[in-house]
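If you're wondering where the values come from, they're calculated on a predicted model, not measured in any experiment.
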Amino acid sequence: MPLKYTKEHEWIATDGDIATVGITLHAQDALGDVVFVDLPEVGQGYAPGEVAGVVESVKAAADVYMPIAGEVTEVNEALRADPSLANSDPLGAGWFFKIRMTDPSQLDPLMDETSYTQFTA
């Protein structure tokens with residue numbers, strides 16, 4: 001499934017009932033060099049829009065919001081060890097966490113790549 005995007009600059013990619021979440025290229029550009037990430041705990045459940053983590057850069061700190069409801073199944077320990085992955089590969093190796101979705105229909109109102117590109121223009 002292609003990526004979906006939030007107005008808070010997270011991306012979400014789904015594979016069955018598991019979704020991977022990270023920050024967008026636009027977000028990491030705005031933040032600058034990422035120096036620290038605070039990731040959620042595995043097993044923690046979240047509602048859409050809840051703060052699920054924090055990303056800190058040399059310029060600012062920003063909350064990472066849960067795009068849809070779900071339970072955290074995995075966090076990216078490589079990102080915790082090397083936060084610069086959020087800059088060098090935000091849509092790949094720099095992912096933040098994976099969730100088991102409780103309601104995949106919550107993906108429907110999220111933006112596709114074209115809409116997100118227009119949103120950030």
Side-chain angles (χ1 to χ4, degrees):
M1 178 179 194
L3 297 180
K4 298 284 252 178
Y5 300 88
T6 70
K7 290 182 176 171
E8 293 76 30
H9 309 290
E10 289 88 23
W11 59 264
I12 183 167
T14 58
D15 182 10
D17 66 342
I18 301 296
T20 304
V21 178
I23 63 170
T24 65
L25 197 56
H26 178 84
Q28 72 82 30
D29 278 345
L31 284 166
D33 293 336
V34 175
V35 295
F36 175 78
V37 294
D38 182 22
L39 300 172
E41 285 187 35
V42 171
Q44 178 71 40
Y46 289 91
E50 282 191 304
V51 175
V54 176
V55 58
E56 294 182 15
S57 72
V58 292
K59 291 186 198 174
D63 290 332
V64 177
Y65 297 94
M66 185 61 67
I68 66 170
E71 179 184 314
V72 177
T73 61
E74 186 180 348
V75 296
N76 187 349
E77 294 298 343
L79 180 65
R80 193 188 312 264
D82 182 7
S84 71
L85 288 171
N87 294 118
S88 61
D89 192 9
L91 303 179
W95 60 274
F96 276 58
F97 51 86
K98 294 184 181 189
I99 61 169
R100 184 173 315 282
M101 298 180 287
T102 53
D103 182 1
S105 72
Q106 292 175 346
L107 292 165
D108 296 343
L110 300 181
M111 292 178 276
D112 62 15
E113 187 171 1
T114 303
S115 300
Y116 183 74
T117 301
Q118 292 168 347
F119 174 74
T120 57

* To do: Go through the steps for Ile23 and Leu31 under the test side chain to side chain contact (heavy atoms under 4.5 Å, CB included), then give the verdict.
  => CA-CA 10 Å; Ile23 63 170; Leu31 284 166; 4.1 Å; yes

Donor-acceptor check, side chain of [X] to backbone of [Y], threshold 3.5 angstrom: yes or no?
{"X": "Trp11", "Y": "Pro90", "answer": "yes"}
{"X": "Glu56", "Y": "Val35", "answer": "no"}
{"X": "Asn76", "Y": "Ala93", "answer": "yes"}
{"X": "Ser84", "Y": "Asn87", "answer": "no"}
{"X": "Asp112", "Y": "Leu3", "answer": "no"}
{"X": "Ser57", "Y": "Val34", "answer": "no"}
{"X": "Gln118", "Y": "Ser115", "answer": "no"}
{"X": "Gln106", "Y": "Ala69", "answer": "yes"}
{"X": "Thr14", "Y": "Gly16", "answer": "no"}

Under a single-linkage definition using a 4.5 Å side-chain heavy-atom cutoff for Ile, Leu, Val, Met, Phe, Trp and Tyr, are [X] and [Y] assigned to the same hydrophobic cluster?
{"X": "Val21", "Y": "Val54", "answer": "no"}
{"X": "Val51", "Y": "Val75", "answer": "no"}
{"X": "Leu25", "Y": "Leu110", "answer": "no"}
{"X": "Leu91", "Y": "Met111", "answer": "yes"}

* Asked: Taking only residues two or more places apart in sequence, or in another chain, which ones meet Asp82 in a salt bridge (charged side-chain N to carboxylate O under 4.0 Å, His left out)?
  ->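 With neighbours one apart ignored, the set is empty.
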
Taking side chain as C-beta onward, heavy atoms only, is [X] less than 4.5 Å from [Y]?
{"X": "His9", "Y": "Thr120", "answer": "yes"}
{"X": "Arg80", "Y": "Phe36", "answer": "no"}
{"X": "Val72", "Y": "Tyr46", "answer": "yes"}
{"X": "Phe97", "Y": "Met66", "answer": "yes"}

* **Test log, rule side chain to side chain contact (heavy atoms under 4.5 Å, CB included), inputs Ile12 and Ile68** => CA-CA 9 Å; Ile12 183 167; Ile68 66 170; 3.9 Å; yes

* Between Phe119 and His26, is the ring centre distance below 6.0 Å? ->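 Ring centres of His26 and Phe119 not closer than 6.0 Å.
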
